[in-house]
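Nothing here was measured: the structure is a model prediction, and the numbers come from that model.
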Amino acid sequence: MKIELQEITVRELTDGYSDEGENGVRGYGGRLDIRPPYQREFIYKDEQRNAVIDTICRGFPLNVMYWARREDGTFEIIDGQQRSISVCQYVKGYFSVKIDGDLLYFHNLRADRRDEILDYKLMVYVCEGTDTEKLDWFRTINIAGEKLTPQELRNAVYAGPWVNDAKRYFSRRGCAAAQISEGYVNGSPIRQELLETAIKWICNGGEVEAYMSVHQHDPVATALWSYFQSVVTWVGATFTTKRPKIMKGVDWGALYNAYKDSVLDPKVLEERTKTLLLDDDVTNQKGIFPYLLTGKEKWLNIRAFTDKQKMEAYERQAGVCAVCGEHFELDEMEADHITPWHAGGRTVAENCQMLCRECNRRKSGK
């Protein structure tokens, strides 16, 4: 892996600056891809943007940036997109900032002040190497400013036609994936979190990097988009009432992969969902959906017996395990439902019994 620290002047950075919207933003004489198609959109607030210009005007050091050198000799920004666009837009007259008490565009400045800004030196680390080397390095460096998300780093490493096409579905404000999955999925499209979720789902718990490596040079990402649509359609057809507060964040991809071919009755699932939502013993309502499909109570985090209830049961049993009949100290025993929760037993004092650890493990493992 080769990493070089270079000084790039604002004059050099802004040379040939162009913003073609979805087709990208370029600078550095057209050799720098400031916003590759896989990158997020401009998200700096006015105060952050103005602070960048103020830092340069004062001659203070701006946080270091990171570029990657491509095989054709051009560059793309890994970190520093927001700062670079702020600088370029100011120099090109997109906005004004307060300097010495006055709101001034770049062209309003005296010639010597303009030259001071154009001659300001930006510190840039330029790297080149294998995909694995770059990803490892990007993960370990202390990214400054607007921190890159894990998926943004992956997009940088596995840049290509597949990522560009995937962004069309998953990475824009109001994108198609965000519209159909509203109420089911957490995360921001422009921070690439929605794309990350989709890849994790289709990988079924596998490595996101491995999937992206395999498909990096595919011309389109329609397979991922079709899969994502299938998951969302299945969720809506299986659990017919949308409940965003408890549905967002559920691993719907894993459930779809395991149960998409199962015969499920939406009406029955809805009635059971309503019952579980009213059950005070269910402390993890997000777990209702995987529980209904898997039957595993661990998803619900059934309310535990209180210390008082445990002590009452221990005294009632005189310290004797309700299964093996041996005597144990309180800290050697565990609370158990006499009538199991799934059979209607409640987490109340009358339904509490104390078992030694071995008997409780054996009972729970049945």
Side-chain angles (χ1 to χ4, degrees), residues 2-128 137-138 141-148 152 156 159:
K2 184 179 179 181
I3 303 173
E4 296 180 346
L5 180 61
Q6 298 185 11
E7 291 182 341
I8 307 295
T9 65
V10 168
R11 190 187 305 274
E12 292 172 310
L13 175 66
T14 59
D15 178 37
Y17 175 76
S18 65
D19 184 346
E20 299 180 9
E22 290 297 337
N23 293 321
V25 180
R26 306 193 72 84
Y28 197 53
R31 292 178 293 154
L32 174 65
D33 199 343
I34 297 178
R35 190 181 69 204
Y38 59 79
Q39 275 277 24
R40 60 172 177 254
E41 298 177 33
F42 188 70
I43 60 175
Y44 262 9
K45 297 181 176 64
D46 288 352
E47 309 86 75
Q48 295 171 293
R49 178 197 65 185
N50 295 347
V52 171
I53 306 307
D54 183 61
T55 298
I56 292 175
C57 289
R58 291 171 180 265
F60 295 162
L62 198 62
N63 291 332
V64 67
M65 301 182 193
Y66 301 90
W67 295 3
R69 189 191 306 272
R70 292 170 169 167
E71 292 181 359
D72 62 2
T74 62
F75 307 89
E76 64 185 58
I77 286 185
I78 302 305
D79 181 65
Q81 177 202 152
Q82 311 296 317
R83 281 162 281 159
S84 296
I85 292 179
S86 297
V87 172
C88 290
Q89 287 186 345
Y90 181 67
V91 171
K92 297 302 180 180
Y94 283 60
F95 63 93
S96 62
V97 296
K98 185 169 287 189
I99 298 177
D100 298 331
D102 298 315
L103 278 174
L104 300 172
Y105 286 90
F106 182 74
H107 66 264
N108 296 137
L109 302 176
R110 300 189 313 270
D112 61 328
R113 292 299 301 273
R114 293 200 299 269
D115 285 337
E116 286 177 4
I117 292 175
L118 293 174
D119 292 334
Y120 179 91
K121 294 178 179 179
L122 304 162
M123 305 306 294
V124 178
Y125 277 111
V126 179
C127 73
E128 56 183 314
W137 184 61
F138 297 159
I141 58 178
N142 181 25
I143 298 295
E146 289 289 342
K147 204 165 188 178
L148 297 179
E152 285 173 328

Under the rule for side chain to side chain donor-acceptor pair (under 3.5 Å), what residues qualify as partners of Arg31, not counting sequence neighbours? none

Check whether any side-chain heavy atom of Asn108 sits under 4.5 Å from a side-chain heavy atom of Ser96, and report yes or no. no

Do the side chains of Asp112 and Arg110 get close enough for a salt bridge, i.e. N-O under 4.0 angstrom? yes

With side chains defined as the heavy atoms from C-beta onward, is the minimum distance between Val87 and Tyr17 less than 4.5 Å? no

Separation of Ile85 CD1 from Tyr94 OH (nearest 0.5 Å): 9.5 Å

Look up atom CD1 in Ile34 and atom CZ in Phe75, then write down how far apart they are to the nearest 0.5 Å. 13.0 Å

Answer whether the closest heavy-atom distance between the side chains of Arg11 and Asp119 falls below 4.5 Å. yes

Within this structure, what is the CG-SG distance for the pair Asp15 and Cys88, rounded to the nearest 0.5 Å? 10.0 Å

Which label fits Tyr125 and Tyr66: parallel for a plane angle under 30°, tilted from 30 to 60°, or perpendicular past 60°? parallel

Beyond-backbone contact of Arg113 with Cys57, side-chain heavy atoms, under 4.5 angstrom: yes

Report the residues that fulfil salt bridge (charged side-chain N to carboxylate O under 4.0 Å, His left out) with Glu71, sequence neighbours left out, ordered by chain and then residue number. none

Closest approach of Met65 to Ser84 (non-hydrogen atoms, all atoms of both residues): SD-OG, 3.4 Å

For Leu104 and Leu109, the nearest pair of non-hydrogen atoms, with its separation, is CD1-CD2, 3.7 Å

Shortest non-hydrogen pair, Ser86 vs Arg49, comes out as OG-CG, 3.6 Å

Identify the two heavy atoms, one from Leu32 and one from Leu13, that lie closest to each other, and give their separation to 0.1 Å. CD2-CD1, 3.6 Å

Answer whether the closest heavy-atom distance between the side chains of Gln82 and Gln48 falls below 4.5 Å. no

Do Tyr90 and Ile117 have side chains that get closer than 4.5 Å, going by heavy atoms? yes

Can you name the nearest heavy-atom pair linking Leu62 to Tyr120, along with the distance? N-OH, 2.9 Å

Would you call Lys2 and Arg69 a side-chain contact if the rule is heavy atoms closer than 4.5 Å? no

Taking NZ in Lys121 as the centre, count heavy atoms belonging to other residues, nucleotides or ligands within less than 6.0 Å. Is the count above 12? no

To the nearest 0.5 Å, what is the distance between CD1 (Ile99) and CD1 (Ile53)? 8.0 Å

With sequence neighbours excluded, what pairs up with Asp54 under the side chain to side chain donor-acceptor pair (under 3.5 Å) test? Arg58

Considering residues, nucleotides and ligands other than Phe95, do more than 12 of their heavy atoms fall under 6.0 Å from its CZ? yes

Ionic contact status for Arg70 with Asp33, cut-off 4.0 Å: yes

To the nearest 0.5 angstrom, please state how far the CZ atom of Arg114 sits from the CD atom of Glu116. 11.5 Å

Just so I know, are the side chains of Leu122 and Glu12 near enough to count as touching, which here means a heavy-atom distance under 4.5 Å? no

From Arg35 CZ over to Glu76 CD, what is the distance, rounded to the nearest 0.5 angstrom? 14.0 Å

